[in-house]
Every structure is written in C-alpha cells, then in structure tokens.
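Computed over heavy atoms, backbone and side chain alike; hydrogens, waters and symmetry mates excluded.
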There are 2 protein chains.
Amino acid sequence: MIQKKELPPCPVATIIGLIGNKWKLFIIRDLLTGSKRFGELRKGIPEISQKVLTQNLRAMEEDGIITRKVYPEVPPRVEYELSDLGDTLRPIFDLMRVWGRNYQKLVKE
Amino acid sequence: MIQKKELPPCPVATIIGLIGNKWKLFIIRDLLTGSKRFGELRKGIPEISQKVLTQNLRAMEEDGIITRKVYPEVPPRVEYELSDLGDTLRPIFDLMRVWGRNYQKLVKE
DNA sequence: CTGTATCCTTTACGATACTG
DNA sequence: CAGTATCGTAAAGGATACAG
C-alpha cells in the first residue's frame, strides 16, 4: 500500500476524481489557450474566490495536471500551465465545447 | 426574458452548468449502459445518498438530459434513461474512459 | 420500491487581514 | 502580485422517519 492515491477501478471514476468539479473544469478551459498568471485565472473565472482558486490549483499540480512556475521578480509572477498530461484532456474539452454550442442552439429555439 | 435559463455565453460553461458535478457524471456513466431503476443507480454509486440522487435526477430531467418513466405497479418501478440529447454525451464519456485508463497506467508505474 | 420531509452535520466557500 | 491564515456563513450532504 504505497500507492500515491487510492484509484477507483472505474476509469470514469478516476477522471471524475481528478477533474470532476466545476472549478477545475473552468481552470483547464482557461489553460487550454495557454499559460496564465494567477490574476488572469481569477479574471477568467470571476465567481471563484482567491482561496478556492489556490486550493484547486494546488490539487491539480499535485495530480500532475498543471505546472506552476514562479518567476523570482518583484512583484512576483507565477505562471500556471497545463502539463503534458493535462494537455491530453484537450480532445475532451473540444467535444464539450461542441456539445455546449449545440445545447445553446437547442434552448434558443 | 422568457428563456428557460440564463445561459453562459461560453459553451464550456454551459455544459459545466448542466453536468459539471461528480454525481451527474456518475449517473450518466451508469445510464450509458442502458436504462436503470432508482435502486440500481444507488447500487452503482454507493457513496450517494437517496436524497442527493433524487435531487440530481430531478435536475437532469428538468434539463432534458434524462427521462423518467414510472410504471404504475406495486411495488412501484421507475426507470431512468438518457434522453436523445443525453445520449449525445456518449463520445465525451468514451474519451473520458480512455483518458482515465491511461492515467491509471501512469500512476501504477 | 421509490420516493418526500425534516433535522442535523459537514464541507465548501467567501471575506478579511496580513506577508514575502 | 500571489499568496497564507483565520473566521464566519452558506450550501451540500447524511440520517432518520414516514408515505404512496
């Protein structure tokens, strides 16, 4: 029992455990267009608080979905970016985007 | 202002609003293999309580993702099923399943 | 069996103050 | 700027009892 985490046997449960909450989904959405600073992420997800954004970024870093790069400047700059692994989520989000557009058309009718 | 719902302009935000929580994702996962009774869904998602399962099923029915069919028998039987719209989520879950399997392989190494 | 209603607990979240 | 720490609130969720 020296595993990093208890992994559910079901692959869908696995991905839900990693990105199955709306904040992480929003964060990934925004990072798919390139690396972002902390403040940029806040702007892109206005409803999220600083604390919750930090929490989710830390968890995603821990899980290997994103990387965090600190530039030792004054004032400090921190860039968040999808890891190679995180970037493999792109096709899923492409499908979600298409689906979302379709749904929007449906309800507008 | 006679819309069914306020729709976020971003398609990804739209789909997150509809299925962006783990319970709904689990429910869809289970319904992708065919219609299920209430009790079957509970068995498939052991961590969910009756109350929360009901809440999410009602919301998903409202959003047109699933259908609910009551058979007037004794004891009563209720079948939940993906709607045509809900079934169009299938490709997304196919990708998620593949991704989850890959992640499982990664962390086992 | 498939719920609803109620109460209670736990968790998520927000607001504020403060720091390197 | 990008956090951390603390505290208070709101929302989510669980347990139980009960009904059609």
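In this structure, A:Arg58 CZ and A:Glu62 CD are separated by 11.0 Å, a value rounded to the nearest 0.5 Å. With rounding to the nearest 0.5 angstrom, the CD1 atom of B:Ile27 is 4.5 Å from the CG atom of B:Asn56. With values rounded to the nearest 0.5 angstrom, A:Leu32 atom CG is found 5.0 Å from A:Arg90 atom CZ. In this structure, the separation between CG on B:Leu25 and CD1 on A:Ile15 is 9.5 Å, given to the nearest 0.5 Å.
In summary, of the residues considered (B:Gln104, B:Arg101, B:Arg97), a side chain to side chain donor-acceptor pair (under 3.5 Å) with A:Thr14 occurs for B:Gln104 alone.
Close approach of DNA chain C to chain B, defined as any atom under 4.0 Å from a non-hydrogen atom of the protein, starts and stops at C:dC1 to C:dC7.
Of all non-hydrogen atoms in A:Lys22 and B:Ile16, the two that sit nearest each other are CB-CG2, 3.5 Å. The minimum heavy-atom distance linking B:Gly64 with B:Ser83 is given by the pair O-OG, 2.6 Å.
Using modelled atom types, no side-chain atom of B:Asp63 and backbone atom of B:Ile65 make a donor-acceptor pair closer than 3.5 Å.
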In residues 66-79 of chain B, what donor-acceptor pairs under 3.5 Å come from side-chain atoms, sequence neighbours left out?
| residue | atom | partner | partner atom | Å |
| --- | --- | --- | --- | --- |
| B:Thr67 | OG1 | B:Glu81 | O | 3.4 |
| B:Arg68 | NE | B:Tyr80 | OH | 3.2 |
| B:Glu73 | OE1 | B:Arg77 | NE | 3.4 |
| B:Glu73 | OE2 | B:Arg77 | NH2 | 3.3 |
| B:Arg77 | NH1 | B:Glu79 | OE2 | 3.1 |
| B:Glu79 | OE1 | B:Ser35 | OG | 3.0 |

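Less than 4.0 Å separates DNA chain D from at least one heavy atom of each of the following residues of residues 38-56 of chain B: B:Glu47, B:Ser49, B:Lys51, B:Val52. Contacts between residues 69-78 of chain B and DNA chain C, defined by a heavy-atom separation below 4.0 Å, involve B:Pro75, B:Pro76, B:Val78, listed by number.
When the side-chain nitrogen and oxygen atoms of A:Arg68 are compared with OP1 and OP2 of D:dG3, one or more of them lie within a distance under 4.0 Å.
For the helix from C:dC1-D:dG20 to C:dG20-D:dC1, the angle separating the two terminal helix axes comes to 50°, with each axis derived from five pairs and the value rounded to 10°.
Residues that satisfy the side chain to side chain contact (heavy atoms under 4.5 Å, CB included) test with A:Lys36, not counting sequence neighbours, are A:Leu31, A:Thr33, A:Glu40, A:Leu41.
Classification of the B:Phe26-B:Trp23 ring pair by plane angle, with boundaries at 30° and 60°, yields tilted.
Neither B:Val98 nor B:Met96 shares a network with the other; the hydrophobic side chains, linked directly or stepwise wherever heavy atoms of I, L, V, M, F, W or Y lie under 4.5 Å apart, form separate groups for each.
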